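Report on the structure given below.
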Amino acid sequence: MEGKKKILFLFDVDGTLTPSREKITQNVREMLESIRKKVYIGFVGGSDIEKQKEQMGEDCLGFFDFGFPENGVSFYEGEVLVEQERFINVIGEERYKEMVNFSLEYLSKIDIPVKRGTFIEYRNSMVNISPIGRSCSRDERKSFKEYDVKYRIRERMVEELKRRFDKYGIHFSIGGEISIDVFPKGWDKTYCIRHVHGRGIREIYFFGDMTHQGGNDYEIFKDERVKGVCVAGPDDTVEKVYEKIKEIN
Ligand code: M1P
């Protein structure tokens with residue numbers, strides 16, 4: 001830890017370090033490389049580590065001091081997996097099944113222009129529900145995103161899911177462009193903060209694009225243990241990071 005400030009610059013992935021579900025640019029990699037000499041760096045995203053490697057490179061774990069795939073429910077220090085919790089152990093099979101059955105029925109009743117496959121994706125730490133289906137093409141994804149802004153498909157589904165399953169302590173939030181993230185309450189991005197305590201970090205700056213209420217960066221952005229910075233995409237992240245680095249120098 002010598003030579004570096006005990007400050008963590010923590011980044012959301014989609015829409016912050018990379019365009020949604022796309023690859024990191026050289027510009028962002030260079031920014032990370034340069035600031036890592038001064039501060040600690042980490043990433044936190046809803047996706048699992050395999051997807052994050054596709055986006056940020058096979059070497060991404062070694063590239064960051066801390067990696068928090070699946071909101072930090074999996075925790076890596078460099079390349080070492082330190083901890084991993086599982087969604088199903090907390091929710092239980094019966095409640096999970098009830099939520100899946102309800103969601104499939106709900107999805108079968110909504111009329112949207114295109115439906116593809118993988119409407120519900122089961123992950124270690126969360127479930128991801130997508131009205132169009134995760135196997136849609138890039139163009140279909142883009143069209144759904146626009147359609148969703150206009151007709152509030154995900155927002156309305158989240159309202160309904162909350163009404164029914166809040167009692168089970170399940171949290172629903174709009175993730176990226178085509179889906180809804182589902183996890184136990186408290187397993188939003190604030191989950192990852194517990195891992196850095198005790199590792200000498202004194203301050204955390206969080207950079208994220210979905211910081212509005214209902215967005216999946218909202219909870220950590222508002223958390224009092226964190227200084228939140230709202231960004232409008234990877235280029236804006238680079239700009240704002242350099243501004244912050246100047247301020248703390
Ligand atoms: O990291 C943001 C989100 O990225 C994906 O969302 P979508 O496919 O809807 O753009 C998902 O991996 C989601 O879980 C994640 O929160």
Side-chain angles (χ1 to χ4, degrees), residues 10-24 28 42-56 60 64 67-74 85-87 99-100 103 107 110 112 114-149 151-158 161 170-192 206-221 230-234 237:
L10 181 61
F11 300 93
D12 163 53
V13 180
D14 284 297
T16 300
L17 287 181
T18 74
S20 238
R21 298 295 303 123
E22 285 183 33
K23 291 192 191 308
I24 196 164
V28 175
F43 66 86
V44 56
S47 301
D48 59 25
I49 190 59
E50 292 317 316
K51 294 209 178 72
Q52 288 162 344
K53 282 183 176 173
E54 278 168 26
Q55 290 176 258
M56 297 195 291
C60 72
F64 287 85
F68 303 113
E70 304 184 79
N71 288 352
V73 178
S74 298
E85 197 24 300
R86 288 171 66 79
F87 174 93
M99 197 270 299
V100 167
S103 301
L107 292 173
I110 53 171
I112 53 175
V114 164
K115 289 190 186 182
R116 293 295 178 251
T118 317
F119 298 100
I120 298 186
E121 185 177 82
Y122 178 81
R123 303 173 180 168
N124 273 327
S125 64
M126 69 161 79
V127 172
N128 185 264
I129 303 177
S130 173
I132 182 173
R134 299 208 58 77
S135 61
C136 62
S137 69
R138 198 151 292 287
D139 285 349
E140 288 159 355
R141 166 183 276 273
K142 196 166 161 257
S143 308
F144 175 82
K145 190 183 166 193
E146 283 158 17
Y147 189 87
D148 187 50
V149 169
Y151 296 103
R152 299 172 47 242
I153 302 295
R154 290 185 295 171
E155 209 180 302
R156 282 189 283 172
M157 185 166 180
V158 164
L161 285 165
I170 306 180
H171 175 87
F172 301 90
S173 69
I174 294 177
E177 298 174 334
I178 57 160
S179 62
I180 294 164
D181 287 332
V182 183
F183 42 79
K185 279 192 182 158
W187 284 24
D188 51 69
K189 286 180 182 152
T190 58
Y191 190 97
C192 75
F206 170 76
F207 298 80
D209 65 317
M210 298 285 278
T211 57
H212 56 276
Q213 193 156 13
N216 63 0
D217 293 331
Y218 178 73
E219 289 83 5
I220 191 165
F221 178 75
C230 177
V231 299
T237 303

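Quick note: numbers below take in every heavy atom, side chains included, and nothing from hydrogens, waters or symmetry partners. Owing to the predicted nature of the structure, the values given are computational and were not obtained by experimental measurement. Every number for a ligand or one of its atoms is a count from 1 in the order of the listing.
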Checklist outcome for this item: Residue set satisfying side-chain contact (heavy atoms from CB on, under 4.5 Å) with S20, at least two apart, ordered chain then number -> D14, E177
Checklist outcome for this item: With sequence neighbours left out, the residues meeting side chain to side chain donor-acceptor pair (under 3.5 Å) with R116 are E140
Checklist entry - Any luck finding a side-chain donor-acceptor pair between T190 and D188 under 3.5 Å? => result yes
Checklist entry - Among all protein non-hydrogen atoms, which one is nearest to atom 4 (O) of ligand 1, and what is the separation to 0.1 Å? => result D14 OD2, 3.2 Å
Item to check | N/O separation below 3.5 Å, R154 to ligand 1 | outcome: no
Checklist entry - Judging by distance only, is a nitrogen or oxygen of R141 under 3.5 angstrom from one on ligand 1? => result yes
Checklist entry - In terms of atom number and element, which parts of ligand 1 are under 4.0 angstrom from non-hydrogen atoms of D181? => result 13 (C), 14 (O), 15 (C), 16 (O)
Item to check | Under 3.5 Å: N/O of R134 near N/O of ligand 1 | outcome: yes
Checklist entry - Which option, G208, S47, G176, owns the non-hydrogen atom nearest atom 3 (C) of ligand 1? => result G176
Checklist entry - In terms of the angle between their ring planes, are Y122 and F87 parallel, tilted or perpendicular, with boundaries placed at 30° and 60°? => result perpendicular
Next on the checklist: Treating T118 as the side-chain partner and R134 as the backbone partner, does any N or O pair qualify as donor plus acceptor under 3.5 Å?
Outcome noted: no
Next on the checklist: Could you check whether any heavy atom of V13 sits closer than 4.0 Å to an atom of ligand 1, since that is the contact criterion I want to use?
Outcome noted: no
Checklist outcome for this item: closest protein heavy atom to atom 11 (C) of ligand 1 is R123 NH2, 3.7 Å
Next on the checklist: Suppose I only count heavy atoms of N216 and a 4.0 Å limit; which atoms of ligand 1 are within that range?
Outcome noted: 2 (C), 16 (O)
Checklist entry - Nearest 0.5 Å, what's the CG-CG distance between N71 and N216? => result 7.0 Å
Checklist entry - Which atoms form the tightest heavy-atom contact between F43 and I49, and what is the distance? => result CZ-CD1, 4.1 Å
Checklist entry - Quick one: nearest non-hydrogen protein atom to atom 9 (O) of ligand 1, plus distance? => result S179 OG, 2.6 Å
Checklist entry - Within the distance-only criterion (no hydrogens, no angle test), does the side chain of R156 pair as donor or acceptor with the backbone N or O of Y151 below 3.5 angstrom? => result yes
Next on the checklist: Test your reading of the structure: does I178 have an N or O sitting under 3.5 Å from an N or O of ligand 1?
Outcome noted: yes
